Amino acid sequence: MRPSADIYDLASLTELSEEAIGKVLQDRYNGDRIYTLVGDILVFLNPFKPVNVYTEKEFSCLSRPDWSGPVAVGNEVGSSAHIYTVGTAAFNLVGKDSTILISGESGSGKTESTKLLLQQFVKMASSSQLNRTRVAECLLAANPIMEAFGNARTVMNHNSSRFAKFVSLGLQGNALVSSEIRTYMLEKSRLLSATEDEGNFHIFYYMCLSSNSFFKDVRPLGPLSLISNAETLGRRYTDLEAKATEVLDAFDKLSFTAQQKEGVFQILSGLLLLADVEFRSEEQNHTVCTSLDPKSETTFKLACKRLGLKGKDSRRRLLKTLTTSKLKVNDEDIYSLFHEDKTRLVLNGCIRAIYTKLFDWIIQRHGRPDPGTRVRQIGVLDIFGFESLAINSFEQLCINLANEQLQLFFTHHVIQLEQAEYQSEGLSWVEIPFEDNQVTLNLFLERPLGVLSLLNEESSLASGTDESLYNKLMKHLVDKPKLQISAKNPCRVHPVTYTIPGMVEKNRDKAPENTMEVLASSKLKLLTEIISSHHGSKAKAGNGKQQASAGLQLAVQFRSSLDFLLAKLRESQPFFVRCIKPNRDNAANSFDQEYVRRQIHYCGIAEAVRVRQAGFPVRCTYGELHLLCPVLSFLYGSGRLESDAARVRAVCRQAKLPAEEVAMGKRNRLLAKEERRYCGRVVTCQKVIRGWLQRRRYLKLKAAEIERRKRAALALPITPTAPPPPEELRKSTVSVGEEGEEGAQVTRSETVLWFKTTQKDQIMQTRGYETWFHGIITRNEANQLLGSKNTGSFLVRVSNSQLGFVLSFKSRNGVRHYLIEQLERGRFNVLGEKQVHSSLGKIIDFHKANGFRNCDVRLTTPVGQPDKEPDYEELLCNAPAL
Ligand SMILES: Nc1ncnc2c1ncn2[C@@H]1O[C@H](COP(=O)(O)OP(=O)(O)OP(=O)(O)O)[C@@H](O)[C@H]1O
């Protein structure tokens, strides 16, 4: 059987179970084999250390369309499990778009896998285009910017992507002609919620902590609330200077003008300052009035300056929108005054909206549109995995819903593959019962009474609040069985509880219109541009383009993004990469079985297993069954048939295996319900027959040996073996001394048989079993018996490693073990000594009187049995030796 670390495709396991997957993954992980296949799904185990599998060798072998084994992936030869293999399959797919779906929990390696794939595509394309194209350059340059503006330090990952992305590349032939990046669900709430452990987006730290002279003039000074953790967190950025420079370079590579580049950081600076502005509310004539806290006047002024609102008038207008709201009633402007809490909400909404717009604008700028002619698309979707936090709000609801939807797609895909396999084997397809998550999805997505529709309805009403949403959900959904079903969702280990407070406001995602209007009049061209793109995008809503409007409810935007993704997946060939984190601590060389098992379960690998188990989980090619065929053919008389398939079929027919339990494919596979029942029988047959064959062989050998010894004892002349030279003696004692089970040349039963047939009678005819005689004991046992005895103490034992005796005695330097060789006609000689003796007793007498040639010791005291029962009992009893 192959060691499990060598199994790079788990589909080749005869029995696929969650336990088996976990075990193989662990063994492979321990051997730095970080990629494993489960059929066409690639499983990546994040090593959290450099593993040498991305060298030029792997790239050039695995990126060739015609590659075939044996390919060496790191320390594994003949494996095709690698991210490059997935990339190559997607890149070379003809006549169809392809989409690679990368999922896994935070820190499992999605972003790195996406980067590896994009680098591979660029390399594959440029090797065919000779020169790297502008598209490729922009694609690579987009990454540092995307990470700086969209990634942050979290408890789970020091470089966590706080958005999902879909990168789409256009290929004409093998040439890269276009690229587009769509981003989804940027976690904008992070902007205003940085803590000691959870950082804000990297770019703020790069800008405020880097010594790069570019930032000198734009960054605000002093402690800033958006990055109040800068001092502690900043220290953890080991590569801050390099990253900051990389981002600035990337802006140049993407052809941002100097003005645009500066504009980006002016805006960031303005946001940092705005967040620090304080307000205060006072009651005047029974009315609450909110104004700027005098301490914040300078900060506010500076923030306005950075945002291009120059002059007193602009500042006053901005302040007014932050502290009052304007409603038009019958062509008349009616103003209502805010409390400072409301002002803070408006300001925060404004900060979030501008940052999101800036992020979208930068990402869109990287894009290189396709040249108009039909291009083949490769998409890579990097999306966060299922989340179940202590508090789950609107963001988790969207993330989990996206995962549920993709999970359903995945399950259908796996079933389709199963169906295809049954078809290719000419087997009729039996509906596989599986628990799908459609009911859960309906609970959220159904119109008009799904959770999202009700949320949208409440958010669009001016009177809508979290409480009214709660009442609506209770009214329409709580009595329905769906809620209970969602709790039993098979894909999830635990049901997730979502909290309603804040949902309506988050879904409205309303950028304060009046404030945005004032900001749109900024002298900073870039700010005007991004705000007008924000207004403009409202018009595009619903046409499938990226909808970034703050005016559209987030749930609507989310739903349309999800529809877009699903449409993409459906019309293309999907490839799945499941990233798994081996432990919670992001540590190398540590595999937490339970933690991995949980991920296997909810990333859908277990679902694939379940689907397979619902049909015929055990797959064996007829070729693999070939090994069993000799035994089976012998039992069932089908050995005369020629092909493996014919033999296996004949055996199955004769064994009357029921059709609902075993299916025989027409191509090369046998499918079965359960391995153990049938293989168990076969293994038993094998055992009996193999045992019988070995016994027969042994008896033949035994008869020949007895004959040989008889002839040697009776007929042949004595020709004493010449004693070996002294240096040989040492070697031979060592060889005797090292005797043991591992190096044994004979089995115990063979020794017993030898003794009974050739030695037993002879010993009895001479002096019988003397005190010093021992049965089959090991060198260690002899050492123990003699270790504490005086020099010259001795015993003779039957060797446990070769047919013969060993003389063990205590010398001045410890216990020695000399092999006693048996010569023709029942004579003996202690290896290394000249004398030949007619019995074991004579050997002892001689060495008591004369000592040894190479050891200045004479035998003195015999050492006998340690127990009442002699250790040579088995040599004397009459039971058969086998
Ligand atoms: N192929 C790899 N080899 C070695 N280490 C890796 C590899 N892929 C990822 N890592 C390590 O894991 C860390 C987390 O990876 P990555 O940022 O790709 O996770 P992620 O799944 O994208 O997380 P998030 O969802 O939080 O963005 C990396 O910073 C790196 O240290």
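Just so you know, these numbers come straight off a predicted model, no measurement behind them. For ligands, and for the atoms within them, numbers begin at 1 and follow the listed sequence.
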Exercise. For K110 and D382, what are the C-alpha separation, side-chain angles and deciding distance, and is it a salt bridge (charged side-chain N to carboxylate O under 4.0 Å, His left out)?
Worked result: CA-CA 6 Å; K110 301 179 295 293; D382 166 359; 5.0 Å; no
For this session: Mind running side-chain hydrogen bond (donor to acceptor under 3.5 Å, both in side chains) on Q120 and T88 for me, showing each step along the way?
Result: CA-CA 8 Å; Q120 184 193 11; T88 306; 3.2 Å; yes
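How far OG1 of T238 is from NZ of K243: 9.0 Å, rounded to the nearest 0.5 Å. Rounded to the nearest 0.5 angstrom, F394 CZ and N507 CG are separated by 4.5 Å.
Formation of a donor-acceptor pair under 3.5 Å by the N586 side chain with backbone atoms of M156 is found in this model.
Taking atom 12 (O) of ligand 1 as the reference point, the nearest protein heavy-atom neighbour is N46 ND2, 2.8 Å. Atom 9 (C) of ligand 1 has as its closest protein heavy atom E112 CG, 3.3 Å. The protein heavy-atom contact nearest to atom 17 (O) of ligand 1 is N157 ND2, 3.1 Å. Among protein heavy atoms, atom 22 (O) of ligand 1 sits closest to T111 OG1, 2.5 Å.
If you number the atoms of ligand 1 from 1 as listed, the ones under 4.0 Å from a heavy atom of E105 come out as 21 (O). Set against the non-hydrogen atoms of N159, the atoms of ligand 1 under 4.0 Å away are 17 (O). Close approach of ligand 1 to S161 (heavy-atom distance below 4.0 Å) involves ligand atoms 24 (P), 26 (O), 27 (O).
The N/O atoms of Y54, backbone and side chain alike, include one that comes under 3.5 Å of an N/O atom in ligand 1. The shortest N or O to N or O distance between R162 and ligand 1 is not below 3.5 Å. Residue F44 places no N or O, backbone or side chain, under 3.5 Å from any N or O of ligand 1. Where the criterion is an N or O separation shorter than 3.5 Å, residue side chain and backbone included, G107 meets it with respect to ligand 1.
Under a 4.0 angstrom heavy-atom cut-off, S108 registers as being in contact with ligand 1. Ligand 1 has at least one atom lying under 4.0 Å from a heavy atom of P47. The shortest heavy-atom distance from K115 to ligand 1 is not under 4.0 Å.
Scanning H158, K49, K110, E147 for the heavy atom closest to atom 25 (O) of ligand 1 points to K110. Atom 15 (O) of ligand 1 has its nearest heavy-atom neighbour, among S113, G109, A152, in G109.
Surrounding CD of E231 are at most 12 heavy atoms belonging to other residues, nucleotides or ligands under 6.0 Å away.
For the pair R570 and F409, the cation does not sit on the ring face, since its NZ or CZ is not both under 6.0 Å from the ring centre and inside 45° of the axis. Under a cutoff of 6.0 Å and an axis angle of 45°, R28 and Y8 do not form a cation-pi pair. A cation-pi arrangement is absent between K568 and F166 under the rule of less than 6.0 angstrom and at most 45 degrees off the ring axis.
No option in R162, R190, R153 other than R190 meets the salt bridge (Lys or Arg N to Asp or Glu O under 4.0 Å) test with E198.
Heavy atoms of S160 found under 4.0 angstrom from ligand 1 belong to the backbone as well as the side chain.
Side-chain contact check for D592 versus R584: some heavy-atom pair is nearer than 4.5 Å.
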